[in-house]
Amino acid sequence: MASRHTVVFLVAVVISLSDFIHSFQPLFSPDGNSTTHRDITLRAVLRKTAEVCRDMAASEGRDFRLTIDDSLSTDKVQRACSTTGTSTSLLSTVLFQTSIANMYFSNAKVDVAFALSEKHHFDDETFQGGRDVITAGVAAVKASVKLESFVAGRRNLGQVCHTLQDFYSHSNWVELGNKSPYSTLISPDQPLENLAGLSVPTCRNCTGGKCENNLLPDLLQQGLLTSGYFNIFSAAKPAGKCSHGGSFDRTSRKDPVGGISKDDLESSHGSLHPKAADLAVNATMELLEDLRVAVGDKNFLRLMGLSQSSVLCFVIDTTGSMSDDIAEAKRVSFAIIDSKRGTQQEPSAYILVPFNDPGFGPVTMTANADVFKDSINKLSASGGGDIPELCLSGLQLALTAAPPSSEIFVFTDAPAKDAHLKSTITAIIESTKSVVTFMLTDVLASRRRRRNTQRVSPRKMTQLDAQLYRDLARASGGQAIEVTKSDLTLATSVIEDSLANAVVTVFQVVRNPGRPDNFTFIVDGSLMNLTAYITGASSLTFDLTSPTGVSQSSSQFSGPLATITTVTSQSSVNFIYNLLEAHEGAHGDFSLKEGRPLSGGNASLMISVTGSDKVKVTEVTLFDSSGPTEVNGSLQSVGSGNFLVTFSGVPAGEFVVRMKGEDGSSTSRSTATSFQRQASTQIKTSSISVTAQASNTNIEPGSTISVPFTVSTTTNGVVNDSATGMFTVRANNDRSYTSTSPSSITIASGDGGTANGTVTLTAPASAASGTDVTLTIEAENAAATDINYAVLRFSVVAKVTDITRPVCQTVSSSSNCPSSSSLCASSQWTFIANLTDGINGTGIESITIRKGNGTLNTSTVAGAGGANVTVATYSASCCSQNVELAAVDKVGNVGKCAGQARQTTVATTLTAITAAVNTTSTGGHTLSISHCLWISVVVSLLWK
């Protein structure tokens, strides 16, 4: 079989190009040669993910064939990490690519949200403040992973990486001749040393426009650490101090003039930019390794988004009439689990959200299929005297819990009591690009509910009730499937189809009202198992015609009918897109935009082709799937596989992104084959602009955060400074936390076309650290004909108090290993170590063998002195003469110690053990520790 190359397109809608480029560029390099935050993050994530997969393969006795270097791609890493995939099998990298994109978009957002915060960029010699940002961010990541909230974990990780990476371009670490990362930045229990004091001069004037030698020789000789001062408003800085440099930095115009930035090749110290970027990559990998040890290999890969399949997500009505629906949801989910367990198509996670009235939730989110089975088994149908149910509240929980681009299935036979959340749900759908399909049972044929005197069940919903679900399904690219309860089994086949590997949407249109029409789409050679869903009124008829001219009428098609025509198939070729906005200034470039693009304005699509150099993009359009409007873009290559697709004057309407091109990767064809792909989620334009920016993305339990927002009226994409009007404001969060906001906001004459407001959000004191919260702020015009929104995401994170790593003390290392390696298998050696988290620590939670192929046993008791101590005893064959253990405490601090086989026994002294409580053993897996043992030292301290 001819080999296929996975190709993923990253599509991002942007507003304009920035004219000023400074700092490690967030996403794109204007010269095409400088390294950006996106490049650094991508390189580090791919390399560390590949290393984890390599180590896991070695421990399981599997082959791993991949050279780990900077030439890695998402396709190469995903295929090498796949336990079942081959070079010719279908393998989608969309989930992996989307997860990495979420990280570097969060990384880029720091330059917008914290543009003038010196500690977020290590400016102004704020080394302690910068490390505090990293410490708090890493704690947030670990707390999120502990709750399996991987989406929030990626968001926090991206932000942490930005600050860590900036250290190497903003400080003089590179100029000091360092070849490795400054590990103390991710070790908050270690002191920051050799810092240049406030009164210590660090720079001299640049001469002749060159700044290569502006650092003072005494500073370099003493090895003192400094960073550049930066301010866009004032030139003030301490006497003799270095500046960051660049046209936006006013301090660089004051003696000593110039800067020490290594942000790009044109910076003051631009010649050192490649070294700074390489160190930033290695530092990011070091941080990722710390996370890997803290959360474990499997959870680390989930955090990176490395998955071969999507999640299985059900939102289920549990009121009295839903017993048949619950039984069918149970049947189809169990069938999926049992048939796909251990295969490439096994769901990467399982999410379940029940709802009724007056309750909804909680969310069950797990990677354990048996836990999901148990949860769905516990569902029972009861109550429901009041017809409407809290369907949208349950769906909101599912949308914010599931990874982006997930497929969510909702089972109900009742109208939504919380229909006021429709615009909030639409906003989250557009933000996450998840697809929602509704399984609606026993919908009435009429638009009005008949009276009970006609013996019609009060649970039945009308056509008008069902239209809400149809609208949401259409916005997401999903379906609203209406069947009787007896026919529900036929409808749920769509769930099994959606979970097939590498499903892509080739074509999708809507006709409402329906009318006779012809639809043509391209079927390329990479497509397999083509499936068409055609749904509508029962009177709908259709004919399908294959490329060879064979026709099939609707009388030969089984299944329900609706108003949406969707054609899906399986292929490695797919694309993702994200809405971006441009920013000018000191940290210019692009950042992720949460909201709708502006009607009548210009827009651009930034396309990055990955996975193959043999795909040619020939056409990108914004396509109105319900009408004839189609906006064609002009393609321009901007280097490194990126294309800028420019649209002029995008009209008001609802669009989807459609891409066409030619794939020349097949070796069995002499010419390239045409292909077509279409995004599922609609892009809707608006004449309202809503912007919001919080001062922090983390909230402590029991605290309140204020979020200022601005509403503007625009004309042709530009704020209309003479416009006036009143707007309805709605602020909703998915956790039902206490929140305040104005109910309306008014733009008065003379306000410049804008109005401001503030939303507050309070996290309860009982909120668990690691909980994620999604806040949606919406503004709707007085006529209720236009709406836009801003989506903000927060993490509840308890204040970091335990920053001390567990301490490892070697008790003994003894062996009788023979000198000849040929005889090693006949002898054993033993390593014993004490591990403690101290009197004030949170306690050791797990111990892992990081290196070595032996058996680990732990004994735990309550010991004297008030400290908790765990004794670890490691035994191995003399063929494996080195061991490294890692101890992780309950907040994710990691301590390590190493041992090796020796020819003599080391004498030790132990204090009295009060009581033996628990003994566990492992052959290389993580040990969870619930009790402790006190044993005083010993011999030597070998820890990292």
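- Taking 4.0 Å as the cut-off between side-chain N and carboxylate O, Asp290 and Arg805 do not count as a salt-bridged pair.
- Scanning for disulfide (SG to SG under 2.5 Å) contacts around Cys313 gives an empty result, with sequence neighbours left out.
- Taking Thr697 as the reference, Gln159 meet the side-chain hydrogen bond (donor to acceptor under 3.5 Å, both in side chains) condition, with sequence neighbours excluded.
- When the salt bridge (charged side-chain N to carboxylate O under 4.0 Å, His left out) test is applied to Lys373, the partners found at least two apart in sequence or on another chain are Asp338.
- For Ser695, there are no side-chain hydrogen bond (donor to acceptor under 3.5 Å, both in side chains) partners two or more places apart in sequence or in a different chain.
- Side-chain atoms of Val773 and Arg793, non-hydrogen and from C-beta on, never get closer than 4.5 Å to each other.
- The shortest side-chain heavy-atom distance between Arg302 and Val295 does not fall under the 4.5 Å cut-off.
- For Arg43, the salt bridge (charged side-chain N to carboxylate O under 4.0 Å, His left out) criterion is met by Asp70, Asp278, not counting sequence neighbours.
- Using a 4.5 Å heavy-atom threshold, the side chains of Ile699 and Asn696 count as separate.
- Not a single salt bridge (charged side-chain N to carboxylate O under 4.0 Å, His left out) links Asp132 to another residue, sequence neighbours left out.
- No hydrogens or angles considered: nothing links the side chains of Asp166 and His120 as a donor-acceptor pair under 3.5 Å.
- For the residue pair Asn107 and Gln165, a side-chain donor N or O sits within less than 3.5 Å of a side-chain acceptor on the partner.
- The two residues Val796 and Ala767 make their nearest non-hydrogen contact at CG1-CB, 3.8 Å.
- By the side chain to side chain contact (heavy atoms under 4.5 Å, CB included) test, Ala152 pairs with Ser144, Ser149, Arg155, Asp772, Ser795, sequence neighbours left out.
- Side-chain N/O atoms of Thr842 and Asp802 include a donor and acceptor closer than 3.5 Å.
- Proximity of a side-chain donor or acceptor of Ser769 to a complementary backbone N or O of Val797 within less than 3.5 Å is not detected.
- Although no hydrogens or angles enter the test, the distance criterion places no donor-acceptor pair under 3.5 Å between the side chain of Ser406 and the main chain of Val311.
- Asn102 meets the side chain to side chain contact (heavy atoms under 4.5 Å, CB included) test with Thr98, Pro404; sequence neighbours excluded.
- Judged as a ring pair (Phe, Tyr, Trp, His ring centres under 6.0 Å), and not counting sequence neighbours, the contacts of Tyr874 are Trp829.
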Kindly indicate, with the supporting measurements, whether the criterion disulfide (SG to SG under 2.5 Å) is fulfilled by Cys824 and Cys878.
CA-CA 5 Å; Cys824 63; Cys878 286; over 6 Å; no
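- Formation of a donor-acceptor pair under 3.5 Å by the Thr49 side chain with backbone atoms of Leu46 is not found in this model.
- Proximity of Gln190 to Leu185: side-chain heavy atoms (C-beta onward) are nowhere separated by under 4.5 Å.
- A salt bridge links Lys146 with Glu845: the distance from a Lys NZ or Arg NE/NH1/NH2 to an Asp or Glu carboxylate oxygen falls below 4.0 Å.
- Under the ring pair (Phe, Tyr, Trp, His ring centres under 6.0 Å) criterion, Phe96 pairs with no residue at all, not counting sequence neighbours.
- Judged purely by atom type and a 3.5 angstrom limit, Asp734 uses its side chain to pair as donor or acceptor with the backbone of Thr774.
- A donor-acceptor pair is defined here as one N or O able to donate and one able to accept, closer than 3.5 Å; such a pair exists between the side chain of Thr41 and the backbone of His37.
- For Tyr182, the ring pair (Phe, Tyr, Trp, His ring centres under 6.0 Å) partners are Phe167, Trp173, not counting sequence neighbours.
- By the salt bridge (charged side-chain N to carboxylate O under 4.0 Å, His left out) test, Glu60 pairs with Arg62, sequence neighbours left out.
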Determine, step by step, whether Arg292 and Asp55 satisfy the salt bridge (charged side-chain N to carboxylate O under 4.0 Å, His left out) criterion, reporting the C-alpha distance in whole Å, the side-chain angles of both residues, the deciding distance to 0.1 Å, and the verdict.
CA-CA 12 Å; Arg292 169 196 180 180; Asp55 295 346; 2.9 Å; yes
